[in-house]
Amino acid sequence: MVKLANNPTSLTKGWSGIIEAYRPYLPVNETTPVVTLLEGNTPLIPVPQIAAQIGRQVQVYVKYDGLNPTGSFKDRGMTMAISKAKEAGAQAVICASTGNTSAAAAAYARRCGMRALVIIPDGYVALGKLAQALLYGAEVIAIDGNFDEALTVVKQLAENYPITLVNSLNPYRLEGQKTAAFEVVDILGDAPDWLCVPVGNAGNISAYWMGFCQYHQVGKCQKLPKMMGFQAAGSAPLIAGHPISSPNTVATAIRIGNPANWDKAIATQESSQGEFNAVTDAEILEAYQLLASREGIFCEPASAASVAGLLKCRDQVPSGSTVVCVLTGNGLKDPDAAIKYSDNSVKAGIAPNLEVVADLVGF
Ligand code: AN7
């Protein structure tokens with residue numbers, strides 16, 4: 001009889017999550033309880049139709065982090081943050097969230113028996129994310145305010161009560177998220193020339209930069225990418241140079257007016273000779289549709305900001321270069337957006353009849 005060990009490695013062809021895969025690069029030791037859902041190891045997918053729009057023999061890939069266990073890149077950070085919280089004896093964690101952080105926090109916290117408290121901006125969290133937080137068993141509080149106001153409350157709660165903050169101000173979050181850069185280099189054999197990332201709190205872009213720099217230091221990559229961060233035009237404090245008090249965008253995940261990692265974002269941009277640029281909602285939605293209908297890749301609107309940004313800056317891409325766009329979240333997170341912004345629609349009210357249906361599809 002084959003015995004299935006309770007060891008994830010034997011069940012997953014060798015993949016046992018980002019902490020085991022990159023243990024020497026992470027602040028864990030043998031006593032850290034690893035809380036994992038086997039996150040990471042997400043595909044780097046070529047997107048030739050998008051590359052064709054740039055030309056000049058540019059290779060374009062998307063890092064599809066929407067294929068993580070809760071459907072976003074947040075799982076990489078959360079396996080670290082929750083494992084370290086568990087190690088420290090925490091019984092409750094808290095976050096403010098536009099949705100994805102709350103889903104990931106809820107899943108990992110509940111997996112190890114902790115309370116997950118999440119504070120969200122009422123009316124601005126996509127349906128799938130809310131569904132996840134509820135079913136995972138988070139205690140969800142919707143405030144009459146935006147993400148930035150939710151984060152202020154959460155920081156105060158974490159200062160005054162025995163609750164661990166798991167927003168990206170928690171340094172373990174970025175440590176976990178930097179593993180996405182390791183995976184990109186492990187596949188490409190070097191860093192890309194450009195890395196395009198959607199930016200909200202600027203945790204992810206800072207984490208990628210940490211990852212590339214760390215790999216560069218140990219000789220795993222020879223070059224470092226230009227970090228290209230894209231914010232939604234209605235919610236672009238890093239481009240404006242000051243916080244935005246009433247941010248707005250269709251990409252609710254990045255509807256953030258005062259990025260928690262502002263200083264790290266600027267440092268990343270300066271040391272990588274990168275740029276921050278704004279993309280309009282129309283440009284985001286165009287890239288969102290293009291990815292789905294031409295490449296077969298369904299991401300959420302915020303994630304499409306990376307591709308929208310690349311297309312916007314296409315004339316700046318050096319010929320022969322390699323570009324990676326990060327797709328941070330799964331399209332299924334926001335089914336309302338997909339239906340509302342698709343230029344496709346269901347032909348309904350049709351008789352169940354061969355001639356009628358054949359005629360409708362042009363035969
Ligand atoms: C799909 O969940 O801030 O620049 O509270 O969900 O690291 O903030 C989400 C952010 C990009 C921006 N894409 O990343 C939250 C939250 C998606 C996201 C971002 C988010 P950061």
Side-chain angles (χ1 to χ4, degrees), residues 15 39-55 58-76 99-100 103-104 126-129 132 177 179-181 183-184 186-188 192-200 204-205 208 225 228-230 232 249-254 279-314 317 321-345:
W15 185 257
E39 60 295 311
N41 199 23
T42 57
L44 190 69
I45 309 174
V47 283
Q49 308 290 337
I50 287 159
Q53 297 207 11
I54 296 166
V58 173
Q59 308 263 351
V60 185
Y61 301 85
V62 292
K63 176 67 171 161
Y64 190 20
D65 246 3
L67 286 187
N68 274 298
T70 80
S72 86
F73 73 100
K74 305 284 182 181
D75 293 345
R76 298 178 181 276
N100 281 326
L127 190 65
K129 305 175 187 181
Q132 288 180 290
Q177 284 171 213
T179 60
E183 290 178 14
V184 168
D186 288 345
I187 298 284
L188 293 179
D193 297 290
W194 276 28
L195 191 86
C196 300
V197 198
V199 173
N204 207 29
I205 196 167
Y208 264 97
M228 301 294 285
F230 297 100
T249 168
V250 63
T252 52
I254 52 172
V279 282
T280 64
D281 279 5
E283 289 165 336
I284 289 173
L285 292 172
E286 197 184 327
Y288 174 63
Q289 294 190 10
L290 184 69
L291 277 162
S293 67
R294 303 293 301 283
E295 303 283 10
I297 298 170
F298 189 23
C299 66
E300 64 173 286
S303 304
S306 61
V307 170
L310 170 63
L311 293 175
K312 187 162 194 161
C313 298
R314 73 184 90 190
V317 187
S321 56
T322 300
V323 178
V324 172
C325 294
V326 181
L327 298 185
T328 44
N330 197 298
L332 294 170
K333 293 273 190 175
D334 195 349
D336 295 315
I339 289 171
K340 186 166 175 195
Y341 298 109
S342 173
D343 50 20
N344 200 359
S345 62

Side chain to side chain contact (heavy atoms under 4.5 Å, CB included) between E283 and F230: does it pass, once the steps are laid out? CA-CA 11 Å; E283 289 165 336; F230 297 100; over 6 Å; no
Please lay out, stage by stage, how V324 and L188 fare under the test side chain to side chain contact (heavy atoms under 4.5 Å, CB included). CA-CA 10 Å; V324 172; L188 293 179; 4.0 Å; yes
Could you please spell out the steps behind the side chain to side chain contact (heavy atoms under 4.5 Å, CB included) verdict for F73 and V326? CA-CA 9 Å; F73 73 100; V326 181; 5.8 Å; no
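Environment of CD in Q289: crowded, with over 12 heavy atoms of neighbouring residues, nucleotides or ligands closer than 6.0 Å.
Between the side chain of Q132 and the main chain of T70, a donor-acceptor pair closer than 3.5 Å is present.
In terms of heavy atoms, C313 sits closest to M228 at SG-CE, 4.3 Å.
At a threshold of 4.5 Å between non-hydrogen side-chain atoms, the residues T328 and N100 do not count as touching. In this structure the side chain of S321 reaches within 4.5 angstrom of the side chain of V58, judged on heavy atoms. Here the side chains of L44 and E183 are not in contact, with every heavy-atom distance at 4.5 Å or above. Two residues are said to be in side-chain contact when any heavy atoms from C-beta on lie closer than 4.5 Å; L327 and L291 meet this criterion. By the 4.5 Å heavy-atom criterion applied to side chains, N68 and N330 are not counted as neighbours. Proximity of P46 to Y61: side-chain heavy atoms (C-beta onward) are separated by under 4.5 Å at one or more points.
Taking CG of D281 as the reference point, atom OH of Y341 lies at 7.5 Å (rounded to 0.5 Å).
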